[in-house]
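Quick note on labels: first sequence line is chain A, next is B, and so on, each numbered from 1.
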Amino acid sequence: MKRRTGALRTLFAGAALLASLGFYAWASPAPCESDLSAQERQSVRAFAAMAMVLTHPRCLNCHIHGDAPLHGDEGKPHKELNIKRGPDGRGTPAMRCTNCHQSENATALHAPPGAPNWQLPPPSMRMAWQGLNTGDLCRTLKDPAKNGNMTLAQLYRHLDEHPLVLWAWNPGPGRSIPPLSHEQFMSRVREWIDTGAACAQ
Amino acid sequence: METTQFTVNGKSVEFQIDPQTPLLWALREQLGLTGTKFGCGMALCGACTVHVDGDAVRSCVMPLKAVAGKQVRTIEGLSSDRSHPVQRAWILEQVPQCGYCQSGQIMAAVVLLRANPHPSDEDINDAMTGNLCRCGTYQRISRAIHRAAKLSAGEAGKP
């Protein structure tokens, strides 16, 4: 009887160990990140939270690879008017972004949203992250060759102050806002930078 | 009520109306410049296109306060006698059918030709794509823009 109880105990302990290992594998970053330090893991986790905002349609609709911006929560191509990025990111002659997008939101539902100097990134610096996984998005965001020649300090300021970034939290009627508040987002940006701006593999 | 001052077709104007009022209402209702049309009211059709500091903006969604201190030009200010090359080209090509969208089309075409004096068909499509015409006069609009380009360059009639 004693031997049977011992065997059962061993069995339960083994199962618990396997379960906890399974949970660890599920809850941790990708296996190749197991080599990261605790600080780097914290940084990767902070960026994962940032990515929820950066991949929200309010951000993603303009950070695109092609020349036609997207719009709406569905990310539909802005092709009903054949809108194009143009040579400076501000549209084509007589179809400049600011012809319709004023410096503040129009109040009517489905009327154009607005913020000062509405534009796409220019074609020479597309700052595109459409379709990137979290690790590649992270590397793109901190690469000056792809982020508009910004240092991390400048990137922080851009995300904290730029009117087009701030617009994401005040997008006008009929448009959703990112899943974190701007304050929460900036606190994760601060954490990501302060812990070394590490990226997932 | 706040006063908003700007210039329309070279004349200084002042309004003491809600600064959120769309520019289009001030032009049509206050100044009687009815050449600029109301189409959709949401910047989607281009019928209300006027120039603000040289850009072709949709006056139906531009609040008065955004125009303060700026230069506005409407179709009435393009020329006093329809002699602007784009107006002449429009008449020569007999572009309008019902005519409702045409002042917006002309104002957009003027901006295009200033930025690009010799536009290709693709340039024209890119620039004029936001100005809708329910009569479907697009081919004539395109021909008129090419013709206006030649008129402006003094090339009309050359082989």
query = Side chain, backbone, both or neither: which part of A/H110 has a non-hydrogen atom closer than 4.5 Å to chain B?
reply = both
request  = Could you tell me whether B/R140 and B/E93 make a salt bridge, using a distance below 4.0 angstrom between a side-chain N and a carboxylate O?
outcome  = no
request  = Could you tell me which portion of B/N116 (side chain, backbone, both or neither) has an atom closer than 4.5 angstrom to a non-hydrogen atom of chain A?
outcome  = neither
ask   = Of the listed residues (B/A115, B/G130, B/S59), which shares the most heavy-atom pairs with chain A below a 4.5 Å separation?
value = B/G130
query = Of B/H84, B/R88, B/Q87, which is the lone residue that meets side chain to side chain donor-acceptor pair (under 3.5 Å) with B/S79?
reply = B/Q87
request  = Give, for atom NZ of A/K142 and atom OG1 of A/T151, the distance between the pair rounded to the nearest 0.5 Å.
outcome  = 13.0 Å
request  = Tell me, yes or no, whether the heavy-atom count around B/R114 atom CZ, taken from other residues, nucleotides or ligands under 6.0 Å, exceeds 12.
outcome  = yes
